[in-house]
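The figures that follow rest on heavy atoms only: side chains count, while hydrogens, waters and symmetry mates do not.
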Amino acid sequence: MAEENGPSVFTDFPESTSTRFYSDVQANNNFHGSSLPGIKRRGQGHGSRSWIKIDEHGNSKILELDKATVMRHCSLPARDLRLLDPKFIYPSTILGREQAIVVNLEQIRCVITAEEVILMNSLDACVLQYESELCKRLQINKDQPDGLPFEFRALELALELTCLSLDAQVKELELEVYPVLDELASSINTLNLERVRRLKGQLLALTQRVQKVCDEIEHLMDDDGDMAEMYLTEKKQRKEDYFNNDSYDQADIYGKIRGAARSAPVSPASSTTGVHKLQRAFSNLSSSKHGSISASSNGQENIDQLEMLLEAYFVVVDSALNKLSSLKEYIDDTEDLINIKLANVQNQLIQFELLLTAATFVATIFAMVTAVFGMNLKTTVFDDPDGFDWTIIITGIFCLVLYIAFMIYFKHKKLLPL
């Protein structure tokens with residue numbers, strides 16, 4: 001009996017352990033299976049999106065890339081790519097990073113590197129125009145370069161299309177607002193007021209968008225460090241030159257030292273020539289350092305070139321912002337005019353109410369006198385046949401004089417127009 005029960009004890013423990021493990025796994029799967037819709041588990045949240053890749057030769061193709069791939073390819077953090085996500089609403093932003101420029105200007109959302117543009121694919125007309133125009137310009141300027149590096153040409157087109165789009169929206173809003181305001185100034189009604197309210201909301205929203213683009217360009221122009229970060233081609237060339245010169249100089253020095261070590265007895269003349277060779281190698285290193293310094297000065301010139309480029313589009317955006325400010329002032333002036341007209345009408349109603357109140361008071365006095373004499377009172381007035389008539393005449397004259405006195409008093413107090 002002991003031998004039969006012994007093995008059963010050792011076999012029951014693994015079964016209970018596996019059963020518990022299976023139940024835990026099943027419970028964990030049930031927990032993840034009952035998660036809220038729209039919330040993805042960690043590691044499964046980077047879905048593929050459609051991107052348009054445009055290289056420096058003007059060739060474009062559509063790719064399906066996930067967020068992690070773009071991050072690794074462009075060396076960008078997740079918070080920068082979050083600016084390009086259409087699910088989130090972010091203001092216009094231009095960020096300069098080590099190997100890329102993140103651009104979020106209205107509908108144009110892309111990552112610009114020194115060799116390519118990764119544009120978020122969309123059916124928006126501005127995105128399609130950006131793709132076609134950039135490919136066209138790159139293919140035209142392939143043989144005739146205009147002096148601008150690739151990333152600046154891509155950034156310039158994004159700024160150009162954004163400025164044109166904003167300026168077109170401003171002009172369209174102007175053509176719609178001015179007639180409505182003129183009509184409202186001549187005829188104040190509910191329909192015109194509702195149209196002006198709707199247009200004012202569009203004006204405020206457009207002003208915020210234009211103001212954000214203007215502030216972003218101005219911020220870039222005020223910060224030399226941000227503009228230097230945006231010069232990707234120079235950084236790439238400087239890095240390649242540094243590695244090439246460094247590897248070449250190291251190989252040259254090590255080869256010469258190794259050759260000198262292998263040589264047998266060294267004469268003084270040969271030793272001096274070896275020293276000259278080493279000095280020449282170190283002079284090459286110093287010349288490479290001098291070349292990096294000159295490259296940095298060239299970068300300063302390119303920063304000035306980028307600043308002039310940004311300043312040109314800053315003038316366009318600032319002009320659109322001034323138009324919106326003028327339009328808002330015109331709306332405010334129209335509202336002030338409407339308030340003046342409404343206040344004038346209200347004053348006229350108050351004056352009419354004042355005249356009516358005075359007339360009612362005088363008529364009440366006359367009605368009170370007639371009501372008193374209309375009672376069955378014993379008085380000598382009724383003995384005279386013309387006594388009641390004289391009473392009415394005298395009361396009417398008194399009421400008329402009282403009303404005229406009210407008018408004179410109101411005019412004296414400037415409650416009524418002269």
Side-chain angles (χ1 to χ4, degrees), residues 54 56 80 83-84 90-114 117 119 126 129-130 133-134 136-138 140-141 144-171 173-174 206-238 294-328:
I54 305 173
E56 56 186 351
D80 290 344
L83 298 174
L84 308 181
Y90 287 100
S92 297
T93 307
I94 302 175
L95 298 177
R97 294 295 183 249
E98 181 63 26
Q99 299 182 10
I101 301 174
V102 182
V103 178
N104 178 18
L105 293 175
E106 295 295 318
Q107 301 301 325
I108 301 177
R109 303 182 179 188
C110 62
V111 178
I112 302 174
T113 64
V117 175
L119 176 66
C126 193
Q129 185 180 3
Y130 179 82
E133 187 67 22
L134 181 59
K136 180 181 178 181
R137 292 186 181 183
L138 291 175
I140 292 176
N141 296 330
Q144 298 177 355
D146 55 356
L148 287 176
F150 172 77
E151 63 272 14
F152 285 178
R153 283 184 285 175
L155 179 61
E156 180 186 11
L157 181 58
L159 290 172
E160 179 182 348
L161 294 180
T162 302
C163 293
L164 290 177
S165 176
L166 293 176
D167 190 64
Q169 294 179 34
V170 171
K171 291 181 179 179
L173 191 61
E174 284 180 340
L206 184 58
T207 303
Q208 291 178 357
R209 291 161 50 196
V210 175
Q211 182 68 53
K212 182 57 183 174
V213 175
C214 185
D215 293 342
E216 190 66 24
I217 298 177
E218 186 177 8
H219 173 72
L220 287 176
M221 291 191 300
D222 293 340
D223 196 334
D224 293 341
D226 290 343
M227 287 191 292
E229 287 291 333
M230 296 174 65
Y231 198 81
L232 306 178
T233 301
E234 182 182 353
K235 290 192 293 185
K236 179 183 176 183
Q237 293 177 354
R238 192 183 304 169
S294 62
S296 63
S297 63
N298 189 18
Q300 181 64 32
E301 294 178 358
N302 288 318
I303 288 176
D304 297 336
Q305 187 179 16
L306 175 59
E307 185 176 2
M308 289 187 292
L309 175 66
L310 294 174
E311 186 177 359
Y313 292 100
F314 175 77
V315 172
V316 178
V317 178
D318 189 65
S319 176
L321 189 61
N322 291 333
K323 292 180 182 179
L324 293 174
S325 300
S326 301
L327 192 59
K328 186 178 183 302

Taking the side chain as every heavy atom from C-beta outward, state whether V317 and L159 have any atom pair closer than 4.5 Å. no

Between L155 and V103, is any pair of side-chain heavy atoms under 4.5 Å apart? yes

If you compare all heavy atoms of M221 against all heavy atoms of L310, which two are closest, and at what distance to 0.1 Å? CG-CB, 3.7 Å

Quick check: are there more than 12 heavy atoms from other residues, nucleotides or ligands sitting under 6.0 Å from NZ of K323? yes

A154 and Y130: which non-hydrogen atoms are nearest, and at how many Å? O-OH, 3.1 Å

In the structure I gave you, are the side-chain heavy atoms of F150 and L138 within less than 4.5 Å of one another anywhere? yes

So, taking the atom named CG in L206 and the one named CG in L324, what distance separates them when rounded to the nearest 0.5 Å? 5.0 Å

Just verifying a value: how many Å separate E156 CD and L306 CG, rounded to the nearest 0.5 Å? 10.5 Å

M230 side chain near E151 side chain, heavy-atom distance below 4.5 Å: no

If only atom types and distance count, is the side chain of Q211 paired as donor or acceptor with the main-chain N or O of L321 below 3.5 Å? no

On a heavy-atom basis, the closest approach of P91 and N104 is O-ND2, 3.4 Å

Got a second to check how far Q107's CD is from Q129's CD, nearest 0.5 Å? 12.5 Å

First locate atom CG of L105, then atom CD1 of I217, and finally report the distance between them rounded to the nearest 0.5 Å. 7.5 Å

Would you call E160 and R137 a salt bridge, using N to O less than 4.0 angstrom? yes

Quick check for you: to the nearest 0.5 Å, what is the distance between E229 atom CD and Q99 atom CD? 11.0 Å

Y231 side chain to F152 backbone, donor-acceptor under 3.5 Å: no

Check whether any side-chain N or O of E216 sits under 3.5 Å from a backbone N or O of I94 as a donor-acceptor pair, and report yes or no. yes

Any sub-3.5 Å donor-acceptor pair from T113's side-chain atoms to V111's backbone N or O? no

Just so I know, are the side chains of Q237 and T233 near enough to count as touching, which here means a heavy-atom distance under 4.5 Å? yes

Do S165 and Q169 have side-chain N/O donor and acceptor atoms under 3.5 Å apart? yes

Any idea which heavy atoms bring D80 and R97 closest together, and the distance? OD2-NE, 2.7 Å

Rounded to the nearest 0.5 Å, what's the gap from CZ on R109 to SG on C126? Could you check? 11.5 Å

